[in-house]
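Working notes, structure below.
None of these values were measured; they are calculated from a predicted model. Residue numbers begin at 1 in each chain, while the letters A, B, ... track the order of the sequences.
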Amino acid sequence: MSDTAVKPPHYLDELNEIQRQAAMAIKGPVLVVAGPGSGKTRVLTYRIAHIIEQGAAPWEVLALTFTNKAAREMKERIEKVVGKRAGNIWAGTFHSLFARILRVEAPHIGYPSNFTIYDSDDTKSLIGQIIREMNLDKTVYQANAIKNRISSAKSSLITPKLYERNESLLAEDKGAKMPLVSKIYAKYVSRCKKAGAMDFDDLLFRLFELFQNHPEVVKKYRQKFKYVLVDEFQDTNTLQYAIVKKLVMYPNSPRNICVVGDDAQSIYAFRGATIQNILDYEKDFADFGIQTFKLEQNYRSTENIVAAANAVISHNRRQIQKKIWSDKGEGEKIRIIHEMDDTQEGKRVADTILELKSRHHLKNEDIAILYRTNAQSRIFEEYLRRFNLAYRVYGGLSFYQRKEVKDLIAYLRLVVNPNDEEAFRRVINYPKRGIGATSVGKVIALAGQQGIPLFEALKHVAFPNRTRHAADGFIDIIEQARAKMDKADAYELADTIAKRSGLLDFLRKDTSIEGMGRLENFQALLDGIKSFVEEDTVIDTETLPDKSLATYLQNIALLTDFDSNEAKNDTDVITLMSVHAAKGLEFQAVFVVGLEEKLFPSWMSMDTMEGMDEERRLFYVAITRAERFLTLSYANTRYRYGKMTMNEPSRFLSEVPAESIESTSHSRRSAGHEYDRVERQRAKVSGITPRQRSRGTARFAAPKVDPSTFKPSPIDMIEVGVRVMHLKFGEGRVTKLDGGSDNRIASIHFSDLAQPDKRIMLRFAKLQVLE
DNA sequence: ACCCTGGAAGTTTTT
DNA sequence: CTTCCAGGGT
């Protein structure tokens, strides 16, 4: 290259050669195959920055991600390069960006622009309602199962009409003794439409329909979005890819599209995702000069971890060839923890966390516990609390799914969209106002007869006087708020409703601990609405981000647990989450727990090859979250629905190469800590398991320390002469200290023991100083 | 119309 | 072990 060549802009200097090529190839179709920790996000962000630096307007860039968090991070990083303009990039989740488009275009397909978004609970409840109305046996027609079937039909572009004609789907339903699923599907769709509501899948499906049937609309967006990027492409479903194609595949299109993905990390097949999309993509764009880049250097993990990951994934057959490597040095070996039961697994993990923290100066935020099912978090929470380790559980119930929060939101939804059936049913008699099941039945009957919305029917049903009065009161609350909708902002409306509906008073009356918690959440919701109103968001020139209630509701409908503002308060905490939720994250130390057959891999997936492969990819995702320390754990028995179950160790454990595994004190053969061996021995003798004893049911040889109040003191509090408490040895006095600062050893006299003098390494021991 | 209670059923993974 | 719901009593 001559010396007159332009030096690449500075932000590109932060990329390696192949990353830079991928970032700079902004014209034409691009496929980036990105292994874990290979700087995928970095490439995407600098690529977008580059696109803008090369002259494109921010709003001409469409970047589709799977989580709000990923989108937010991306925007923040782009902002560092191109400044405030980054705010105008269309970066967000499929669902949120499509909702934004639909907000404008919905009238084209017979929806109001203030349509409601039904979340999973709404969907499930409506399906349940339909099943009840059809007088079907709900133990046969399970709402959840049907919801999944409808969801996957939509994700494969199958309308109710197509469903009815699809022999194989019908046969499957018959086989499952549910021949009427197609009928339920049809009813469900028409009820959603009548309610002016879209479920999560509709946000994609309806947009596709819109693009399909309204050429002038799709044309508008084709012209607008000159650059399209898709993150986590392996997790897109048929429908999502179909929409993306609608946007970039048309005559004379520049086809400036870049998809980034890793087939080995595809973990959402259950939701219709298919790596077939990657293969199709290569085929679809083959004639248009597709460029493929493989990012194979892992900057995240040590060589041991990468080697383990490679070995594990090699058990899967179909995959895009690549060799992930790291130059971070061999690093620590992988530890395996084997315990007798789930309780001990919990304790041992907490134990190991303490040890890691003191030995390697890790902070809580460097540590994560990952499990296959959310239900597993409990035991770990219990022990982390006992050991005084701060943590946060992600997943499970998000803030916006809590009852007290949903109740107020239902009122607000009804104000914005009086046809919203689910919101109506939720609050028509909550708090109790004397409109019971019989009355609601009348409303539903009338609405059905006359084909009018429930809220409309409520006005016209002939009720007894007392009920009529109650109904009028309810109608009044909603309609007064609606009348003020144009003038008042979201907070004013919400505040009024909170008071007038009686929700606030109702919550205030409950003075139990849980009740106060609920009130707190309720207030937090109001505060949240207030800050939504007051917050200065970057003004988007196209889709006016107003402070209206409708906008607020749309925003929160697509938030997950990850996005709640609670998370910001507690910073230095250990992360507990499902493996699915951990995708895209990284931690210094990772614990993958519950590695047993039927749990991880899940029993639901074990009967098919595809299912097993997906579980293995899930395991691959789990172990590649770790930067330096990886611990895998399993237990022989585990409580499920209150009864004990026995499990074999997960097959995945045996797929981890032996040379990556620490073999000294924690090998698979080793039964565990000294403490636990003692416990088990005692159990054998007394017939009492450690589990029972730790619950305080036994009086035998139990330590005199109550583990639930035991709080280990910091090491530097321990001095000669100090009285201390030890979990297993009881009370003692420090007689001597020696060893260097990193390696101090205390001699302690425990008067209750047969052999009272112990020497204890302080960095491992947990001692509580007694005042 | 509302409250209480006993029995049954349920847990993959998520936007 | 929880959560949900139906059915009976008030």
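- For the side-chain hydrogen bond (donor to acceptor under 3.5 Å, both in side chains) test, no residue two or more places apart in sequence or in another chain qualifies with A:S439.
- Classification of A:K583 and A:E232 as a salt-bridged pair holds, one side-chain N sitting under 4.0 Å from a carboxylate O.
- Shown here are the salt bridge (charged side-chain N to carboxylate O under 4.0 Å, His left out) partners of A:R426, two or more places apart in sequence or in another chain: A:D407.
- Phosphate proximity of B:dA1 to A:T438: present, with a side-chain N or O under 4.0 Å from OP1 or OP2.
- Backbone-only contact: A:F66 has heavy atoms under 4.0 Å from sugar-phosphate atoms and none from a base.
- If you check B:dA1, B:dT14, B:dC3 against the side chain of A:K432, the one that comes closest is B:dC3.
- Put simply, A:N429 has a side-chain N or O that comes within less than 4.0 Å of OP1 or OP2 on B:dC2.
- We find that CZ of A:R433 is positioned 14 Å from P of B:dA1, with the value rounded to whole Å.
- The distance between atom NZ of A:K69 and atom P of B:dT15, rounded to the nearest whole Å, is 12 Å.
- Rounded to whole angstrom, the span from the CD1 atom of A:I243 across to the C1' atom of B:dT15 amounts to 13 Å.
- Among the protein residues, A:F94 comes within range of no part of the nucleic acid, since none of its heavy atoms lies under 4.0 Å from any strand.
- Annotation: side-chain hydrogen bond (donor to acceptor under 3.5 Å, both in side chains) contacts of A:T637 (sequence neighbours excluded): none.
- A:F98 has its CZ atom 12 Å from the C1' atom of B:dT15, to the nearest Å.
- Among residues two or more places apart in sequence or in another chain, the side-chain hydrogen bond (donor to acceptor under 3.5 Å, both in side chains) test is passed with A:N316 by A:R616.
- Cation-pi geometry between A:R191 and A:Y188 is not satisfied (NZ or CZ under 6.0 Å from the ring centre, within 45° of the ring normal).
- Between A:A581 and A:A437, the residue anchored nearer the 5' end of DNA chain B, judged by the nucleotide with its closest heavy atom, is A:A437.
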| query | Reading nucleotides 4-10 of chain C from the 5' end, what letters show protein touch, with B for base, S for backbone sugar-phosphate only, - for no heavy atom under 4.0 Å? | reply | --S----
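- Nucleotides B:dT13 and C:dC4 place their C1' atoms 23 Å apart, quoted to the nearest Å.
- Atoms CD (A:Q401) and C1' (B:dT14) sit 10 Å apart, rounded to a whole Å.
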Which protein N or O atoms sit under 3.5 Å from an N or O of nucleotides 4-12 of chain B?
from, atom 1, to, atom 2, distance (Å)
B:dG10, OP1, A:Q142, NE2, 2.7
B:dT12, O2, A:R372, NH1, 2.7
B:dT12, O2, A:R372, NH2, 2.1

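- For the pair A:R392 and A:Y394, the cation-pi criterion (under 6.0 Å, within 45° of the ring axis) is fulfilled.
- If you measure from atom CD1 of A:I379 to atom P of C:dC1, you get 13 Å, rounded to the nearest angstrom.
- Atom NE2 of A:H469 is surrounded by 12 or fewer heavy atoms from other residues, nucleotides or ligands within 6.0 Å.
- Regarding A:D201, its CG atom lies at a distance of 15 Å from the P atom of B:dT14, rounded to whole Å.
- Residue-environment remark: CD (A:E648) stays at or below the threshold of 12 foreign heavy atoms within 6.0 Å.
- Ring-plane geometry between A:F380 and A:Y371 is classed as parallel, the angle between the planes falling under 30 degrees on a 0 to 90 degree scale with a further cut at 60.
- One interatomic measurement links the two molecules: CD of A:E232 to P of B:dT15, which rounds to 12 Å at whole-angstrom precision.
- The nucleotide whose nearest atom lies closest to any side-chain atom of A:S439 is, among B:dA1, B:dT14, B:dC2, B:dA1.
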